[in-house]
Amino acid sequence: QVQLVESGGGLVQAGGSLRLSCAASGRTFSGYAMGWFRQAPGKEREFVAAINWSGGSTYYADSVKGRFTISRDNAKNTVYLQMNSLKPEDMAVYYCAVREAYGLGYVHDDYDYWGQGTQVTVSS
């Protein structure tokens with residue numbers, strides 16, 4: 001029904017920046033909230049950031065607050081994650097997700113559709 005495709009991952013040096021994109025296709029609604037999660041090898045998938053339908057409300061994990069910015073373009077059914085001041089501990093596979101609700105979601109089970117992920121590698 002809904003397909004999410006992440007892009008923008010790659011190799012970046014510590015302290016650098018990267019911008020991830022997530023394009024939605026198929027049946028989707030601009031009124032849905034969206035979010036980003038990440039998973040490093042051997043670790044559980046963790047919440048990164050969320051944004052509501054209008055883009056006027058956002059929430060971030062403490063580990064990325066002040067460094068990452070989530071945004072969305074409803075005309076393109078796309079959500080973005082601008083990552084600045086990257087650290088080696090940010091290295092993970094990043095996943096975007098859609099929540100079939102207007103309110104924000106903060107945990108994995110709050111979301112209904114998931115992309116396949118994009119790898120972010122941070123060199124020290």
Value rounded to 0.5 Å, distance of [atom1] in [X] from [atom2] in [Y]:
| X | Y | atom1 | atom2 | result |
| --- | --- | --- | --- | --- |
| Ile51 | Leu104 | CD1 | CG | 8.5 Å |
| Asn52 | Arg72 | CG | CZ | 7.0 Å |
| Ser7 | Tyr94 | OG | OH | 15.0 Å |

If you take all heavy atoms of [X] and [Y], which pair is closest and at what distance?
| X | Y | value |
| --- | --- | --- |
| Ser124 | Ala14 | CA-CB, 4.4 Å |
| Ala24 | Leu4 | CB-CD2, 3.5 Å |
| Ala92 | Ala40 | CB-N, 3.8 Å |
| Ala97 | Tyr111 | CB-CD2, 3.6 Å |
| Met34 | Val79 | CE-CG1, 3.5 Å |
| Ile70 | Thr58 | CG2-CG2, 3.7 Å |

Original post:
Partners of Asp90 by side chain to side chain donor-acceptor pair (under 3.5 Å), sequence neighbours excluded?
Top reply: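 Partners of Asp90 under the side chain to side chain donor-acceptor pair (under 3.5 Å) test: Arg38, Arg67.
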Quick one: does [X]'s side chain get under 4.5 Å of [Y]'s, heavy atoms only?
| X | Y | result |
| --- | --- | --- |
| Leu18 | Phe68 | no |
| Leu20 | Met83 | yes |
| Lys87 | Ser63 | no |

More than 12 heavy atoms of other groups within 6.0 Å of [X] [atom1]:
| X | atom1 | value |
| --- | --- | --- |
| Gln116 | CD | no |
| Tyr60 | OH | yes |
| Gln39 | CD | yes |

Original post:
What class does the angle between the rings of Trp114 and Tyr95 fall in, given that below 30° is parallel, 30 to 60° is tilted and above 60° is perpendicular?
Top reply: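 It falls in the perpendicular class, over 60°.
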**OP:** Keeping the roles fixed (side chain from Asn77, backbone from Ser25), state whether a donor-acceptor pair exists under 3.5 Å.
**Re:**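 Side chain of Asn77 to backbone of Ser25: no pair is present.
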**OP:** Spell out, as yes or no, whether a donor-acceptor pair under 3.5 Å connects the side chain of Arg99 to the backbone of Tyr106.
**Re:**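 Not a single qualifying donor-acceptor pair exists.
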In terms of hydrophobic clustering (I, L, V, M, F, W, Y; side-chain heavy atoms under 4.5 Å; direct or indirect links), are [X] and [Y] co-clustered?
| X | Y | result |
| --- | --- | --- |
| Val12 | Trp36 | yes |
| Leu81 | Phe47 | no |
| Phe37 | Tyr80 | no |

Subject >> Distance flag, aromatic centroids of Tyr113 and Tyr32, threshold under 6.0 Å >> reply: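 No - the distance between ring centres of Tyr32 and Tyr113 does not fall below the 6.0 Å cut-off.
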Subject >> Where at least one partner belongs to residues 40-124, residue pairs that pass disulfide (SG to SG under 2.5 Å), sequence neighbours excluded >> reply: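 Of all non-adjacent pairs touching residues 40-124, those that pass disulfide (SG to SG under 2.5 Å) are Cys22-Cys96.
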